[in-house]
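Since the structure comes first, as structure tokens, the remarks are kept for the end.
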Amino acid sequence: MSTEEKVIQIIAEQALLEVSDVRLDSTLESLGIDSMALVESIFAIEEAFDITVPFNANTPGDTDFDISSVASIVAGVERLRAQQRTT
Amino acid sequence: MKRVVITGAGTVNPLGHTVDQTLAAMREGVCGIGPLALRDIERLQIKIGGQVKEFDEASRFSRQQITLYDRFTQFTMAAAAEAVSQSGLSFDGALAARTGVVLGTAAGGVSTWDENYRAVYEEGKNRVHPFVVPRLMNNAAAAHVSMEWNLQGPSFTVSTACASSNHAMAQAFAMVRSGMAPAMLTGGSESMLCFGGIKAWEGLRVMSRDACRPFSLGRNGMVQGEGAGIFVFEEYEHARARGADILCEVAGASMTSDASDIVMPSRDGAARAMAGALVDAQINGDRVGYINAHGTGTAANDKTECAAVGDVFGAHATQLMISSTKSMHGHLIGGTGAVELLACIMALRDGVIAPTISYLAPDPECALDVVPNVARMAQVDVALSNAFAFGGMNAVLALRRI
């Protein structure tokens, strides 16, 4: 499973949606992901990819990890995995 | 209905090992938050907290006591000794038979759980110390207070997360006011600054990595602390008859439930708790000069709390002072309301308003007088102490100068 497929699967599960309902340009808000589901999604992503996502629920926009869309989350995960491989 | 006053106070917290040390630190805006020293800190992302430093258990307690006292109980016993000593009460006869202990803690002996889970899971041991259960149980601290001071009346422990102490004190207040008990020891304690305790909070993604900055622009979460605050609540005529030094009156209390979300705070629940405390005390809102805020430093709490203050006090909201001493001692979770009550007593008795330190710049969503960074002198006749817990359980106390 690709990074994109896995991220979409995690988000779909949290949003209680079918995988086919989650598009790359979807925003978390449009999928009905609230703050608790967001924290759970990030935890699931960290567990799935064995990465640490820099995320503070108090300042969700104040981080390099862009959560504005599914595509930006996929890109962020890929970047963190690449960083992990080089360290 | 009886009137209820406070005749003794004691504490151990990151700002001091006594009330005097703590109030001096609050006046000076001292920050008790710093790098945590604990086992496996390198495996934590959150590395700061308000730890109680230089608390020498061996010089305070016997070996047998230490065997039975988790750190949250040790803090409680030290604070209770100070409070009882100040009150001048000695408990025997009918007073002892009717006086009890109601304390708050969110999680009791967390370090004892942590150490013994390590022993059996990590180290593979198949045997633990025989007193693990009496050491970790949530009512251990209240039980040891009752035993040490011969308090034979109603005693129990209240656990409502971050409002535990306030719920406990509201209950003790109700018991003295109703005449059920002539006096009660009350307050709360918490000590979860161990690997498992911090790891659990880290998971929630609401912890700051640099500072607790309540109401400030740029705040980024809460910081944990540890410690205890214990008080002697006493029936007013009983205190007067023996010429006790009265620290302040507990004039009213209110408890509400948001009945909405397990972690997100509710403006309405907070407002109803503050308004309820004023109604219970039969005090008009415009007489309130100071509010010790719940003020956790999270995005959600602080803006919700400020909005609720606006709802309750209207135009007076911008006239009163509201500060969060969590900026100095961190969030003592189930013990926090008890330590924060000291700031209310200081406001009423000494006319000193504890500041909200680590404050960077005003947040338009928290546009109240939050006493930024520097303490202030002001005469205050009535103060409120807020606590709003996970679970949507709120408890507010109203205190009056006497």
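Proteins get letters first, then strands, A, B, ... in listed order; numbering begins at 1 in each.
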* **Partner chain A: residue of B:L204, B:N220, B:V206 with the largest heavy-atom pair count (under 4.5 Å)** => B:N220

* To do: Measure distances from B:M264 to the heavy atoms of chain A and classify the residue's part below 4.5 Å as side chain, backbone, both or neither.
  => side chain

* Asked: Just wondering, more than 12 heavy atoms not from B:E122 lying within 6.0 Å of its CD?
  -> yes

* Asked: If you measure from OG on B:S208 to CG on A:N56, what distance do you get to the nearest 0.5 Å?
  -> 7.0 Å

* CE/B:M393: more than 12 non-hydrogen atoms of other groups inside 6.0 Å -> no

* Asked: Is it the case that more than 12 heavy atoms not belonging to B:K303 sit under 6.0 Å from its NZ atom?
  -> no

* **Heavy-atom neighbours of A:E29 CD exceed 12 at 6.0 Å** => no

* Given the options B:G221, B:G203, B:G297, which has more heavy-atom pairs under 4.5 Å with chain A than any of the others? -> B:G221

* **Approximate separation, where rounding is to 0.5 Å, of A:N58 CG and B:N301 CG** => 10.0 Å

* Please report the shortest heavy-atom distance between A:M36 and B:D261, naming the atom on each side. => SD-OD1, 4.0 Å

* Asked: For atom CD of A:E78, is the number of surrounding heavy atoms from other residues, nucleotides or ligands below 6.0 Å larger than 12?
  -> yes

* To do: Pick one of side chain, backbone, both or neither for B:R219, based on which atoms fall under 4.5 Å of a heavy atom in chain A.
  => backbone

* Structure fact -> For residues 35-51 of chain A, the side chain to side chain donor-acceptor pair (under 3.5 Å) pairs (sequence neighbours left out) are A:E46-B:R205

